[in-house]
Amino acid sequence: MLKVDLLTPQSKTQIKRAACLPSPHSEASGRDYSGAWKLLASQASRVDTLTRTMSSYAGTSLKATGVDFLKSQNTREHHTDGYNIKNLVVRRGQPFKVQVSLNRELNAADKLSLHLGIGENPTKIRGSLMSLKPEREQDFNGWKISLVKKAGKECVLSVTSSPNAPVGKYTLNVKTGAHIYKPENGVIYLLFNPWCKDDAVFMPDEAQRKEYVLNDTGYIYVGSAYNIYDRPWNFGQFEEFVLDACMYLLDKSKLSLTNRRDPAHVSRAMSALVNANDDSGVLLGNWSGNYRGGTAPMDWIGSVTILQKYYKTKKPISYGQCWVFAGVLNTVMRCLGVPARCVSTFNSAHDTEENLRVDVYLNEAGEKLNWMSLDSVWNFHVWNDVWMKRTDLPDGFDGWQAIDSTPQEQSQVKAVREGDVYLPFDAKFVYAEVNADRVYWIVKKVNGKDKFIRVGTETQDIGRNISTKAVGQNRREDITLEYKYREGSKEERKAMERACSFIRPSGLTPRSGYAMTIDHNMIANKPVVLHETVTKSGIRLEITNTEALHPGNPLELAITVKTSTPGSWTIDLAGSCQLQYYTGKVQANLGTIKETIKLEGQSEMQIPMKIAPDAYMKAFASVDDEVLILVTAIAEVKETNDKLTKETSMRFEYPPISIQMPEMAKLNQEFSCAFIFKNKLNVALENCKLLVEGLGIFKMTTFDQGDIMPGKIMKSEVICTPTRLGEKKIVAKLISNQIKGISSEKAVTIIE
C-alpha cells in the first residue's frame, strides 16, 4: 500500500491545537472558538478528499493513453529532419526522447516499460525484442532508458540504442502492468550513426559528414580519360518513400540481426540488391542499346523515381548501367546512414581472366576487333566507396571500402592500393579495374591462319583520373593516389607483383579463342609483370581533334608522330576512327588512313584524318546511348622494327541548357524557373524531351519538345514552390534521337 503524507506541517500544528478546544459555544473562557472549529473542519475535509482520491488511484490500473515522439526535437538532434516521412527516424547510439501520456499520475510502485521489437514476431530470446524499464540502467543488449521528467499525467523517457544495434524498423509499444498501448505511427526507423564515436561508421569530420551523408545532390564523373565531364545526379535520400524502399531492401536481403549490426554486411547486401539481374533487386542492367519497354540509362537524372517506382511495384526497374547503379547505391547507403561517395575511374579494365592483363586485338588498319576480345577496357566505370571500421580484416583497412553494384564486388581501398587481392570480397576485381596492364596485338592472316603480333604494352594507362566530388565544393577531386601508387613508381610495380602472386599464373600469350598461330617464345611459366614499351627510335604518338566535335559537322582529327633520337626513320602509320560505347564496344567503323612517313632525329609530323558527317550520323542517331569517338594509331619503324600503339576516346560537344531563376527564394512562396535551349548544331534534333527535377522544390517533370530545327530556341517554364530551407539545386537534361548527354544545373537558396 502506497503511503503518502497528505498534510503540510502548518496543517498538522493547527489540528493539534484544535484538539484541545472546548465546544464552539462554550462560555467557559468568554471567548468565541467558532473560527478555530471552522479551520479544523476545513482540514478534516481536505484529508478526507485526498484519502478518497488516493484510494481511487490505488484501485485504478495505470494505462498509457498516448505517445508523443517529439519528432521535431529528436530529428533535429539526430540530423534526420530532412526525411519526408511521418515516423520518427533516429540514429543508433544516441539518445532520443518520447513523452508518454497516462490515465493518472505515475507512482513509485507502478510498472512501466517500453517494448521495442524488430522483424516479424520479435522475441527476447532471439534478441529482437527489448523490454526497457526506467528503473534499470542498461538492458543486456546495450540499450538504455531513463525517466527525465514527470509532470502530472505525463512523463518523458530518454532512450539510447546500442551503437551496434541492428538497423531497421522498430515497433514501439508501452507496457503498464498487463496493459499494452500501441501508438499511431509507432514504428521507429533506426539508422547507422556517423556522429557516434562508438558506431562502426563514425566519421570525425563534420564537413565530410555533410557531404557524404546529408548532401542529396551531387555529380557522377563520366566521359573519357582525355575529356572528363560531370553528370549531375539527384540522390534524393530524404524524398518520400525512399527510406521505405531502403528498409524493404534490408528485409529482402534476409540478413540476420547480427549482420544488420555490421555496415560491411549491409553494404554488400545492398550492392547486390541494387542490381536486379539475378535477385529481383532494384535495377535491370542493359548494355544492348535496345531499351524498349523501359527507360534508357541515359534518361535518368537521379535515384528518386527509380526507388519510388521499385517500392511501389516491388519489381525491377528497367534499365541501368554502371553510373545508374552507383547513383542508386549511393542514395541507399546515405539513406541508411553510411557515408558514401560515387567513384569514377577512366580506362577501366574488365579483366575476365583475372590475370591483371587486358588484351586488345586490332586488324592491320588499326580497327579494334571486339568480337575477338575476352577482356574490355571501359572508357569509364563508376562504383561506390563506403566509410567504416573493419573488425573482420587485419589492422589498417578501416576507412573507405569499395563496393561495385554493377558486378557486385566489394573490396577495401587500401587492399586495392597494396595489391592484397586475396582479401574478401574480391578485391582483385577492383584492383584490375584500376591497375591492369593493356597489351595490343595485331591480327594478320598468314597462310590462311590468324597470326598474333604484339605491337605495344601500356602499364600506366588503366585506372586514370580516379574521381569523386570534392567535399563541400562543386568540383572534381582526383583520388587516384588513394587507390594506387604513382604510375611507374617502384611501389606501383611492387603492388602489381604482390597482386600477381595471389592470382593464377598466366604467361604473356594472346588469349583470344581464335588464336591459331602463336610464337611460343613469348610464353612464360610464371606471372608476368609488364613494363612500358621502350623504343630505340624514341617514337611517340599523339591524337587530337583540330576542330570542335559537333554532331553534324565533319570530324577534324590528327595523328602526330614524333621521334626523339638521332637517325633517319621510316615509319608505317595506320589510323582508324570508330564510334564506340563507353564499355569499349565498337558501334561503327568510320574510316581509316595509311601513310608511310620519314622523320629525321628529333622531329614530328601531323597526319590529318577527316570523317564526313554522312559517315557517322546515321549510326550516331540509331542508338539510345551516348557514343564516343575512338581513334587508334599503329606505328612501325622499319629500321628498328619498333612497334607502338596509341588510342584516344573523344566526346562530342553540345550546346548548353540555360536555367533562369532567382538566386534566392522564400519558403512556400512561388517563383518561376525557365529552361532555354538553342540548337546551334547543323542537324535537326528529333523527338526532344526535357527532364527537370528540383528536390524540395518540385517533382520530376518531363516536357515533350518534338523536333528542334537548327537555329531554333526551346523554352519551358516550371512554377516552383520550395518546401525546404537551404541551398537547393534544379537539374535539367535534354535528350533526343541525336543527343543524349546535355545536362545542366543551377542552385537557389531558400530562406524563411
Side-chain angles (χ1 to χ4, degrees), residues 69 71 74-75 78-91 118-119 167-171 184-192 213-218 233-253 255 260 266 269-276 279-284 294-295 299-320 324-338 340 405 691-702 720-724 728-731:
F69 288 97
K71 187 179 175 185
N74 284 322
T75 56
H78 283 249
H79 307 92
T80 57
D81 47 336
Y83 286 95
N84 186 3
I85 194 169
K86 291 181 179 178
N87 302 72
L88 178 63
V89 183
V90 294
R91 302 185 188 276
I118 183 172
V167 295
K169 295 195 294 185
Y170 287 77
T171 300
E184 185 180 358
N185 297 323
V187 174
I188 296 175
Y189 292 65
L190 186 68
L191 310 179
F192 291 105
V213 183
L214 300 181
N215 196 351
D216 59 357
T217 63
W233 193 266
N234 283 338
F235 299 117
Q237 64 266 35
F238 303 119
E239 298 304 300
E240 188 177 24
F241 301 122
V242 170
L243 179 56
D244 281 313
C246 296
M247 291 296 167
Y248 172 76
L249 289 173
L250 264 181
D251 291 339
K252 186 176 174 61
S253 72
L255 284 174
R260 278 200 185 202
V266 170
M270 295 302 98
S271 174
L273 280 168
V274 163
N275 184 312
D279 48 26
S280 297
V282 178
L283 269 167
L284 278 171
T295 300
D299 294 357
W300 300 114
I301 59 175
S303 310
V304 177
T305 302
I306 295 170
L307 287 166
Q308 287 176 340
K309 284 185 177 180
Y310 177 71
Y311 181 64
K312 182 178 180 180
T313 64
K314 307 298 190 292
K315 294 179 180 179
I317 305 303
S318 304
Y319 294 101
V324 187
F325 292 125
V328 172
L329 184 56
N330 213 57
T331 298
V332 171
M333 299 317 299
R334 287 186 184 182
C335 188
L336 293 175
V338 180
S405 54
L691 314 171
V692 295
E693 184 178 42
L695 300 181
I697 301 175
F698 62 88
K699 293 184 178 180
M700 173 83 172
T701 305
T702 302
C720 308
T721 307
T723 58
R724 295 208 293 265
K728 302 298 169 188
K729 289 183 179 178
I730 290 177
V731 175

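Throughout, residue positions are numbered sequentially from 1 according to the sequence presented. Since we're looking at a predicted model, the values are computed, not measured.
Here the closest heavy-atom approach between residue Ile306 and residue Ile317 is recorded as O-CG1, 3.7 Å. When all heavy atoms are compared, the tightest approach of Cys335 to Gln237 is SG-O, 3.5 Å. Contact record, Glu184 with Phe69: O-CE1, 4.0 Å, taken as the closest heavy-atom pair. When all heavy atoms of Val282 and Ala276 are compared, the closest pair comes out as N-CB, 4.0 Å. The two residues Asn215 and Arg334 have their closest heavy-atom pair at O-NH1, 2.7 Å. Minimum interatomic distance between Trp233 and Gly327 (heavy atoms only, all atoms of both residues): NE1-CA, 3.6 Å.
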Met247 vs Leu336, side chain to side chain contact (heavy atoms under 4.5 Å, CB included): CA-CA, chis, key distance, verdict: CA-CA 8 Å; Met247 291 296 167; Leu336 293 175; 4.2 Å; yes
Pair Phe241-Ile85, side chain to side chain contact (heavy atoms under 4.5 Å, CB included): steps then yes or no: CA-CA 8 Å; Phe241 301 122; Ile85 194 169; over 6 Å; no
Criterion side chain to side chain contact (heavy atoms under 4.5 Å, CB included) on Leu695 and Lys728, from CA distance to verdict: CA-CA 7 Å; Leu695 300 181; Lys728 302 298 169 188; 5.7 Å; no
Worked verdict on Val328 versus Leu307 for side chain to side chain contact (heavy atoms under 4.5 Å, CB included): CA-CA 8 Å; Val328 172; Leu307 287 166; 4.0 Å; yes
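The side chain to side chain contact (heavy atoms under 4.5 Å, CB included) test applied to Lys729 returns Thr217, Tyr219, Asn474, Glu727, Glu745, Ala747, not counting sequence neighbours. Annotation: salt bridge (Lys or Arg N to Asp or Glu O under 4.0 Å) contacts of Asp251 (sequence neighbours excluded): Arg260. Looking at residues two or more places apart in sequence or on another chain, you find a ring-ring contact (aromatic ring centres under 6.0 Å, His included) between Tyr83 and Phe238. Under the ring-ring contact (aromatic ring centres under 6.0 Å, His included) criterion, Tyr170 pairs with Trp143, sequence neighbours left out.
Here the side chain of Thr701 pairs a donor or acceptor atom with the backbone of Lys699 at under 3.5 angstrom. Although no hydrogens or angles enter the test, the distance criterion places no donor-acceptor pair under 3.5 Å between the side chain of Arg91 and the main chain of Leu191. Side-chain atoms of Asn87 come within 3.5 Å of backbone N or O of Val187 as a donor-acceptor pair. Thr702 places no side-chain N or O within 3.5 Å of a backbone atom of Leu691 that could act as its donor or acceptor partner.
Residues Trp300 and Thr295 bring no donor and acceptor atom of their side chains to less than 3.5 Å of each other. Remark: the Ser271 side chain and the Ser405 side chain contain no N/O donor-acceptor pair separated by less than 3.5 Å. Side chains of Asn234 and Glu693: a donor-acceptor N/O pair is present below 3.5 angstrom, by distance only.
Rounding to the nearest 0.5 Å gives a distance of 9.5 Å between OH of Tyr311 and CG of Leu243. Interatomic distance, Cys246 SG to Tyr310 OH, rounded to the nearest 0.5 Å: 11.0 Å.
At least one side-chain heavy atom of Lys252 sits less than 4.5 Å from a side-chain heavy atom of Leu273. At least one side-chain heavy atom of Met270 sits under 4.5 Å from a side-chain heavy atom of Leu249. No side-chain heavy atom of Tyr189 sits less than 4.5 Å from a side-chain heavy atom of Val167. Looking at Ile730 and Phe698, their side chains come closer than 4.5 Å, going by heavy atoms from C-beta outward.
Sorted by first and then second residue, the salt bridge (charged side-chain N to carboxylate O under 4.0 Å, His left out) pairs with a member in residues 237-246 read Glu239-Arg724; sequence neighbours excluded. Under the salt bridge (charged side-chain N to carboxylate O under 4.0 Å, His left out) criterion, no residue pair touches residues 303-320, with sequence neighbours excluded.
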